[in-house]
**Student:** 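Take a look at the following structure, please.
Treat the numbers as computed from the prediction; the structure is a model and nothing was measured. Each ligand, and each atom within it, is numbered from 1 in the order the structure gives. Starting from 1, each residue takes its place in the sequence as its number.
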Amino acid sequence: MIRPLIAGNWKMNKVPSEAATWLGELKEKLKQIDSSHVDILLCVPATHLTSMVAAQGFLALGGQDLSQHESGAYTGEVSAAMLKDVGASYAIVGHSERREYHKENDGLLNAKVQKALEHNLIPILCVGESETQRDAGKAKEVVIAQLHAGLSGVSFESSSDLVIAYEPIWAIGTGKTATADDAQEMCAAIRGVLKELYLAQAEGIRILYGGSMKPSNAAELLSKADINGGLIGGASLKTDDLLALVEAAK
Ligand code: PEP
């Protein structure tokens with residue numbers, strides 16, 4: 001049984017000074033439920049990490065991206081070492097918003113996965129098809145190709161060192177969600193690729209579903225065998241919604 005991971009992705013929301021109050025509220029509310037069965041992670045803008053590090057006891061922190069470079073003249077970039085130094089333990093790699101708006105391709109994302117692992121940051125590699133690709137019957141082909149490219153030459157010690165997030169692009173921030181059966185089918189295919197690449201280690205790798213996960217649909221999605229948690233955008237901004245997702249991960 002894989003311990004579920006409820007991972008919030010704040011995207012470019014809230015300012016750092018709001019985060020402390022928000023965390024205080026979450027901490028109080030968490031005391032009222034049993035969250036011992038689940039890991040909670042918040043992937044926040046890099047500017048927020050320092051002010052949120054005090055929360056490390058009850059949740060983990062992650063970046064939303066990282067540079068493929070070690071250090072140097074890369075204006076505006078944030079390195080794996082910087083994220084690690086301020087207390088992050090995860091980094092999202094290849095979110096569809098990065099792939100689309102910043103033209104990040106599979107080769108670059110592969111370098112980012114490797115860089116994260118070099119610095120003991122757990123990469124959350126995002127994969128997912130567009131609506132057109134799904135309608136054309138190409139969803140699995142696309143996702144499997146993204147996985148092979150993103151994980152090319154990647155190795156790690158423990159199955160908890162890597163997380164994959166299946167995020168159908170048409171479901172992100174749209175209110176549309178994949179049916180639990182469709183999401184499970186794709187996550188099972190992802191597990192199949194992980195087994196080819198990592199043999200027995202694949203059984204312990206967390207596969208998250210992302211795409212309009214919310215309190216009303218989380219329990220069904222999270223009950224599926226190959227869905228080991230969620231990557232959650234909108235619903236991770238409200239403490240009550242996040243709490244409901246933690247409870248749904250039982
Ligand atoms: C995301 O940002 O990865 C995401 C899944 O967003 P939302 O939950 O808002 O669809």
**Student:** Could you list all the salt bridge (Lys or Arg N to Asp or Glu O under 4.0 Å) pairs where at least one residue sits in residues 138-160, not counting sequence neighbours?
**Tutor:**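 Qualifying pairs: Lys140-Glu185.
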**Student:** Enumerate, atom names and distances included, each donor-acceptor pair closer than 3.5 Å involving a side-chain atom of residues 239-246, sequence neighbours excluded.
**Tutor:**
| from | atom 1 | to | atom 2 | distance (Å) |
| --- | --- | --- | --- | --- |
| Thr239 | OG1 | Glu25 | OE2 | 2.7 |
| Thr239 | OG1 | Lys29 | NZ | 2.9 |
| Asp240 | OD1 | Lys29 | NZ | 2.8 |

**Student:** Mind checking what makes side chain to side chain contact (heavy atoms under 4.5 Å, CB included) contact with Ser155, not counting sequence neighbours?
**Tutor:**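 Counting only residues at least two positions away or on another chain, Ser155 forms no side chain to side chain contact (heavy atoms under 4.5 Å, CB included).
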**Student:** Working to the nearest 0.5 Å, report the span between CG of Leu197 and CD1 of Ile205.
**Tutor:**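 If I round to the nearest 0.5 Å, the distance is 8.5 Å.
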**Student:** Find the distance between NZ (Lys224) and CE (Met186) and round it off to the nearest 0.5 Å.
**Tutor:**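 The NZ atom of Lys224 sits 15.5 Å away from the CE atom of Met186.
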**Student:** Are a donor atom and an acceptor atom from the side chains of His95 and Glu100 found within less than 3.5 Å of each other?
**Tutor:**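 Absent: no donor and acceptor within the cut-off.
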**Student:** Which protein residues have a heavy atom closer than 4.0 Å to any atom of ligand 1, listed by chain and number?
**Tutor:**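 Ligand 1 is contacted, at a heavy-atom distance under 4.0 Å, by Asn9, Lys11, His95, Glu167, Ala171, Ile172, Gly173, Gly210, Gly211, Ser212, Leu231, Ile232, Gly233, Gly234.
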